[in-house]
Trainee: 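Please read through the structure below; I'll follow up with questions.
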Amino acid sequence: MRTLTVPAIRARKVRDGGDPLVMVTAYDAPGARQAHAAGVDLILVGDSLAMVVLGYDDTLAVTVDDMAHHTGAVRRGLANSTAEGPRPLVVGDLPWMSYHTAVDDAVRNAAALVRAGAQAVKLEGGRKRLPVVEAIVDAEIPVMGHIGLTPQSVHALGGFKVQGRQHDAALALRDEAKALAAAGCFAIVLEGVPDEVARLVTEAVEVPTIGIGAGRDCDGQVLVYHDVLGIEDRVAPKFVRRYADVGAVAVEALAAFAADVRSRRFPDDDESYHLSAEVSESLALYGSPAQH
Ligand code: KIV
C-alpha cells in the first residue's frame with residue numbers, strides 16, 4: 001500500500017490548490033491504525049509523549065530511546081493496518097538534548113528514529129538549528145521544522161506563552177521560517193502564534209506550514225491525539241477542539257467491568273472455556289469441575 005511521501009507533502013501549499021494537511025500525534029500501534037483509518041496525512045510521534053502518555057509536566061523528560069520505542073510501535077501499527085488509502089507519513093520528534101550538543105550527535109539520533117520507523121524527523125528552533133537541519137538533510141533524512149512556541153524551550157521562554165506578538169518578533173519568525181525552508185525543511189510547524197503572524201509566515205515560505213494554536217491560515221493543522229479524543233484530562237489550551245469524550249467512555253466501561261466482577265456477572269458461561277463431558281466427569285472423582 002502507498003505511503004504519502006515527503007515530496008507529496010512538500011507540494012501541499014494551500015495557495016497552489018492543495019487541500020490542508022492533517023497531522024495528528026500517535027504513540028502506539030492502535031493509535032496509528034486509527035489515524036490511518038481516519039485518513040490523516042501525517043502521524044507525528046511527538047515528544048508530547050512525555051505529557052499525555054508518560055505523565056510528566058513538560059516534554060523535557062523523554063529520551064531518544066523513548067521516542068524510538070514509540071516510533072517503532074506506530075510504524076508496526078501502520079504495517080498491519082487494513083484501512084484503505086495511502087498510509088500517513090511517520091514523523092519522529094527529536095527530543096530535547098538529542099540535537100543540541102553536536103551536529104554529529106543530531107544526525108546519529110535522527111538516524112536512530114529512522115531505524116525505529118520514522119520517515120522524517122522534527123526538531124524545534126530557528127536560525128541556530130540551521131547547521132543541524134542541513135546535516136540531517138545531508139544524511140538523506142527529511143526534516144520538519146518547528147517554530148513559535150517551542151515546548152522544549154519552556155524554561156527559556158518563561159512558560160508556554162504565545163510567541164511573535166510584537167512587530168519585530170513577528171518578522172523574526174517569518175525570517176526563521178524562510179531560513180529553515182532554505183536549509184531543506186520540507187514543512188514547518190507553527191505553534192502558539194497569532195493568526196496574522198502565521199499568515200505572514202505561510203505566505204513567505206514555499207513549504208507548507210502546519211499550525212497548532214496558529215489560526216486557520218496555515219497549510220495544515222496538527223493536534224495531539226489525546227486532546228482530539230478527550231483522553232487528556234488536564235486543562236486544554238484554547239486552540240484544542242475535542243471531537244469526542246473517550247476518557248469518559250473509558251471510565252464508564254471500566255466501572256461497568258468492575259461492577260460485573262464484583263457481582264459475579266463476569267465472566268459468564270460463554271466467556272469461559274469448558275472441558276468435554278468425559279474429562280469433566282473423570283475429574284469429578286477428584287471433587288472439582290463437575291461440581292460447578
Ligand atoms: O510533540 C508534539 O505533540 C508536538 C506537536 C504539538 C506539534 O510537537
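All ligand and atom numbering here is 1-based and tracks the order in the structure. Bear in mind that the values here come from a model prediction, so they are computed numbers and not experimental data.
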Trainee: Verify, without hydrogens or angle tests, whether R242 (side chain) and A236 (backbone) share a donor-acceptor contact under 3.5 angstrom.
Mentor: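 A pair under 3.5 Å: no.
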Trainee: Backbone or side chain, does any N or O of D93 fall under 3.5 Å from an N or O of ligand 1?
Mentor: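 Yes, D93 has an N/O under 3.5 Å of an N/O on ligand 1.
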Trainee: Taking atom CD as the centre, does E271 end up with more than 12 heavy-atom neighbours from other residues, nucleotides or ligands that are less than 6.0 angstrom away?
Mentor: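 Yes, enclosed.
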Trainee: Below the 3.5 angstrom mark, is there an N/O of T25, backbone or side chain, next to an N/O of ligand 1?
Mentor: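 By distance alone, the answer is no.
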Trainee: Per the side-chain contact (heavy atoms from CB on, under 4.5 Å) rule, which among D93, I136, N109 passes with L123?
Mentor: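 Per the side-chain contact (heavy atoms from CB on, under 4.5 Å) rule, the option paired with L123 is I136, out of D93, I136, N109.
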Trainee: Pairing donors with acceptors under 3.5 angstrom, does anything connect the side chains of T63 and D66?
Mentor: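 The criterion, which ignores hydrogens and geometry beyond distance, is satisfied for D66 and T63.
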Trainee: If you measure from each non-hydrogen atom of L44 to ligand 1, which part falls under 4.0 Å: side chain, backbone, both or neither?
Mentor: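 Answer for L44: side chain.
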Trainee: Report yes if E191 has an N/O atom closer than 3.5 Å to an N/O atom of ligand 1; otherwise report no.
Mentor: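 In this structure, E191 places no N or O atom under 3.5 Å from an N or O of ligand 1.
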Trainee: Is the closest heavy atom of M23 to ligand 1 under 4.0 Å?
Mentor: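 M23 does not count as a contact of ligand 1 under the 4.0 Å cut-off.
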Trainee: From the options V24, T59, V222, D47, select the one whose nearest heavy atom is closest to atom 1 (O) of ligand 1.
Mentor: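 Of the listed residues, D47 has the closest heavy atom.
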Trainee: Compute the minimum heavy-atom distance from E124 to ligand 1 and say whether it is under 4.0 Å.
Mentor: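 No heavy atom of E124 comes that close to ligand 1.
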Trainee: Does ligand 1 come near enough to Y27 that some N or O of the ligand is less than 3.5 Å from an N or O of the residue?
Mentor: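 Among all N and O atoms of Y27, none is under 3.5 Å from an N or O of ligand 1.
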Trainee: Salt bridge or not between E206 and R15? Use side-chain N to carboxylate O under 4.0 Å.
Mentor: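 Counted as a salt bridge, because a side-chain N and a carboxylate O are separated by less than 4.0 Å.
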